Every structure is written in C-alpha cells, then in structure tokens.
S.K.: 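Okay, handing you the structure first.
Because the structure is a prediction, the values reported are computed rather than measured.
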Amino acid sequence: MRSKKSWIFRHKWLVLFLLVLCGLGYMFFGTAAKQTEKKYVTADISKGDLSQIVTATGEIMPVNTVNVGSQVSGTIETIYVDYNSTVKKGDILLKIEPSVLQASVDEAKASLDSAQSQMQYAKNEYNRNQTLYKEGFIARAEMEQSQTQYEQANASVIRAQSQYDKAVTNLGYATITSPVDGTVISRKVDKGQTVAASFQTPDLFLIAEDLTKMQIETSVSEADIGVIKQNQSVTFTVDAYSGQAFVGSVRQVRLSPTTTSNVVVYTVVIDVDNADLKLMPGMTAFVTIIVDAVKDVWKVQNSALLMRSFNGIVENHDENITPKTHLAIQRGKEVVFVPYTKGLVSPTETEIKSDQIQEGDKVIMGYVGQTSKRSNNNNRGGMMGGARPH
C-alpha cells in the first residue's frame, strides 16, 4: 500500500494529465452523441369539426321597397304619415293643395260643354240640310259641307272630353295613396314644400313592403365566386348585437360583374328571416358563407403540410415516400410514415384522410436548429421554430 502511494505521489502529474484527458474525452464524445439526436418541430393532429368558408360584408335591406312619388306639381297641403308608420294599400299618405288642379278641371269642363253645344248645333244643321237636299232645295256640296262641320264638331267633343278626363285624373293625383301594405322607412318632404313634376317624378316616401323578410347584398371576388351556390348556409353578425350570430341562406348569385379597385366582384343575395324585427335597413352585415363542412375528422394546421422533402430531416426513409403522399409522424419516440390524402381545406386547417392516424400523433415539420439553404445564401438565418421553408 505504501509503495502504491509513493508511486502515485512520484507520478502525480501524469495521473492528473490522464484524468483531465478522460474528462475532455467524455465531454467531447458525450456532446457529439447528444447532437446526433434531433429534436423535431411538430404539429398536433387533432379530431374535430372543419368548415370551408367565404367571408364578405354587405348591407341589410328589405326584400322589396317602393318609392312613392307625385305625378303632379303643387304645394304639399297635408302629410298623414311619418317615419315608421304602418300603412295599408290605399291609405292616404299626402295631399297636394288642389286649387290649381281644380281650376284646370273647371276650364276643361267649360271647353267640353262648349264643344258639345257646337257639336249639337252642327248635328242639327246637318240633319236639316239632308232634308233640304232630298227635296232639291240645296246643292249636294252644301249638304256635304254641313256633314263635314258636324264631324269636326264631334271630334272636338272627343278632344275636349279627353282634356277633361286628364284634368280630373290629375286632380285625383293630388291625393297620394300607398300602393302596397308596408312600413314607411323614409319621408323626403315636409308640409308646405313645393313639388315639381315637370321632368321627373319626385320621390316623397320609401315604403318597405315587409320588414320581417330582409336580404343582404354582398360582393364576392371572382377568386371565391366559383364555390358559392344557391341555398348555402350563411351566418352573419352586426355591430348592433355584438356576440349574436344571425343565419340566412344564399338566394341568388347575380351574373353581372363589377370591378372595384381592379378586382372583379359579383353580387350575392342572401335571404334573412327578421321575424323579431331586430335587424334594421342599412345595417352592415359581416357575412360568413359556409361552402362545405365536415364533422369529427382528423385535422392539422396548414403549415404542417408545407414540407417539400424528407431529406435531411428524417433519416433512413424510402426515397419513393414524399410529403405529397405520406406524413412523417412522431409517435412517441418513433418516426413512422403514414399515407394520407387531403380533405377539406380551411384558411387555417386541413382535413387529413388516413386510416393509420392514431391519437397523439404529431406531424414532423422540421427540426430545431434547421436552416434553409435559401436563408443561408441570403444571410437571413433559419426559419423560426425550425420549420422547413416553402
């Protein structure tokens, strides 16, 4: 024992050197072994519902509105309705001061009476001349002249009758009535205001025929219009009722395109039930059109499917296996390749169709510390999270 101690003491520097060398070797080879173990960046595969949607905005309006105008000019004498008034077809909405129109009726009636008197005189004259012509007291030309005068007087009566009927009709237009059952949503005139109908019919009221049935006219871009079909389900919200979702359905996809900011858009009309009258005309609707939906399917975030190749990420794999046909799955400590096809795609997630997916599987997207060749060439470093660039 004493000899061993003396030997170690005599060779203490050699022993110290060997211990240091062993320590360095352990540190080097141990770290290298750890570095060969890749830590993968993964995305969870989960089960749930998935839907493909198209979003847009639009204005809520009644299905049918009627502009009520005036065909005659004059000063408004009385207004019988106001905003939000409920009216029935034939109800009086407004009256125009009728004195001028009544004067036109009186004038037309006087002209008609005069024309009828002249026609009666011409008729009697013609009848007398017919008798005188038959007895040979007057020439045929004189008889024919009286006949012509009678026919002209008769035409004058018809013309005067027409002018009288027109004046009476215009007098009737001084009383504006509702053409439909509905609700007055806009009143555009006030008592004492003058309306002039010389060149175009002035609008007086806007009546919504049925506020329990509304519609949304929204614009959808040409990139999305191909998936919009009649009767698709729609959900939408309005600022007035935050947190509450309303429902509707697509009634019509109009074929007439418009261009807005160099983008071609098409009008999609959505039917909305408004039985509770919560929705008001003019509200802005934030629309979500449900194109397709699936329930209880395997799904993964879209970014998990951006890998182009397994080379350099997953070792010892068949070169015929590609990310287009297979997923690299981390299952516990194992890496397995699972064949799959894509199903429904939403803006954030994709349906995975495969009978080999298991609960807890994770899709390998890359590994921690992975860098992109493109990034190295451009001096930009690796992608965040170690995901492979696409």
S.K.: Of all residues at least two apart in sequence or in a different chain, which pass the side-chain hydrogen bond (donor to acceptor under 3.5 Å, both in side chains) check with Asp210?
M.R.: Thr212
S.K.: Between Ile96 and Leu94, is there a side-chain heavy-atom distance shorter than 4.5 Å?
M.R.: yes
S.K.: Under the ring pair (Phe, Tyr, Trp, His ring centres under 6.0 Å) rule, collect the residues that match up with Phe236, sequence neighbours excluded.
M.R.: Phe246
S.K.: Can you name the side-chain hydrogen bond (donor to acceptor under 3.5 Å, both in side chains) partners of Glu125, sequence neighbours left out?
M.R.: Arg128
S.K.: Would you list the atom pairs, donor with acceptor, under 3.5 Å between side chains in residues 334-344 and any protein atom, with sequence neighbours excluded?
M.R.:
unit_1 : atom_1 : unit_2 : atom_2 : d
Tyr340 : OH     : Pro323 : O      : 3.1

S.K.: Report the residues that fulfil side-chain hydrogen bond (donor to acceptor under 3.5 Å, both in side chains) with Gln152, sequence neighbours left out, ordered by chain and then residue number.
M.R.: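 With sequence neighbours excluded, Gln152 shows a side-chain hydrogen bond (donor to acceptor under 3.5 Å, both in side chains) to no residue whatsoever.
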S.K.: Listing request: all side chain to side chain donor-acceptor pair (under 3.5 Å) pairs with a residue in residues 95-121, at least two apart in sequence or in separate chains.
M.R.: Glu97-Ser99, Gln102-Asp106, Lys109-Asp113, Gln120-Asn124
S.K.: Quick one: salt bridge (charged side-chain N to carboxylate O under 4.0 Å, His left out) pairs with a partner in residues 130-152, sequence neighbours left out?
M.R.: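 Qualifying pairs: Arg140-Glu144.
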S.K.: Filter on side chain to side chain donor-acceptor pair (under 3.5 Å), then keep only pairs touching residues 237-248, sequence neighbours left out; what's left?
M.R.: Gln244-Lys278
S.K.: Can you give me every donor-acceptor pair (side chain of residues 42-60, partner residue at least two apart or in another chain, under 3.5 Å) with its distance?
M.R.:
unit_1 : atom_1 : unit_2 : atom_2 : d
Asp44  : OD1    : Lys362 : NZ     : 2.6
Asp49  : OD1    : Asp296 : N      : 3.0

S.K.: Does Ile92 sit in a hydrophobic cluster with other residues, and if so which ones, taking ILVMFWY side chains as linked at heavy-atom separations under 4.5 Å, directly or through other members?
M.R.: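 Taking Ile, Leu, Val, Met, Phe, Trp and Tyr as members, Ile92 shares its hydrophobic cluster with Tyr80.
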S.K.: Does anything in residues 320-331 form a salt bridge (charged side-chain N to carboxylate O under 4.0 Å, His left out)? List the pairs, not counting sequence neighbours.
M.R.: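 Only Arg331-Asp361 qualify under salt bridge (charged side-chain N to carboxylate O under 4.0 Å, His left out).
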S.K.: Which residues satisfy the side-chain hydrogen bond (donor to acceptor under 3.5 Å, both in side chains) test with Gln149, sequence neighbours excluded?
M.R.: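 side-chain hydrogen bond (donor to acceptor under 3.5 Å, both in side chains) list for Gln149, sorted by chain: empty.
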S.K.: Side-chain donor-acceptor pair under 3.5 Å between Arg254 and Gln252, yes or no?
M.R.: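 The answer is yes; a qualifying pair exists.
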S.K.: Side-chain contact test, heavy atoms from C-beta onward, threshold under 4.5 Å: evaluate it for Thr177 versus Leu93 and give yes or no.
M.R.: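 A side-chain contact under 4.5 Å is absent here.
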S.K.: Under a plain distance cut-off of 3.5 Å, with no hydrogens placed, do Gln230 and Arg251 share a side-chain donor-acceptor pair?
M.R.: no
S.K.: Evaluate Asp271 against Lys213 for salt bridge (Lys or Arg N to Asp or Glu O under 4.0 Å), listing each step before the verdict.
M.R.: CA-CA 8 Å; Asp271 279 336; Lys213 303 294 182 183; over 6 Å; no
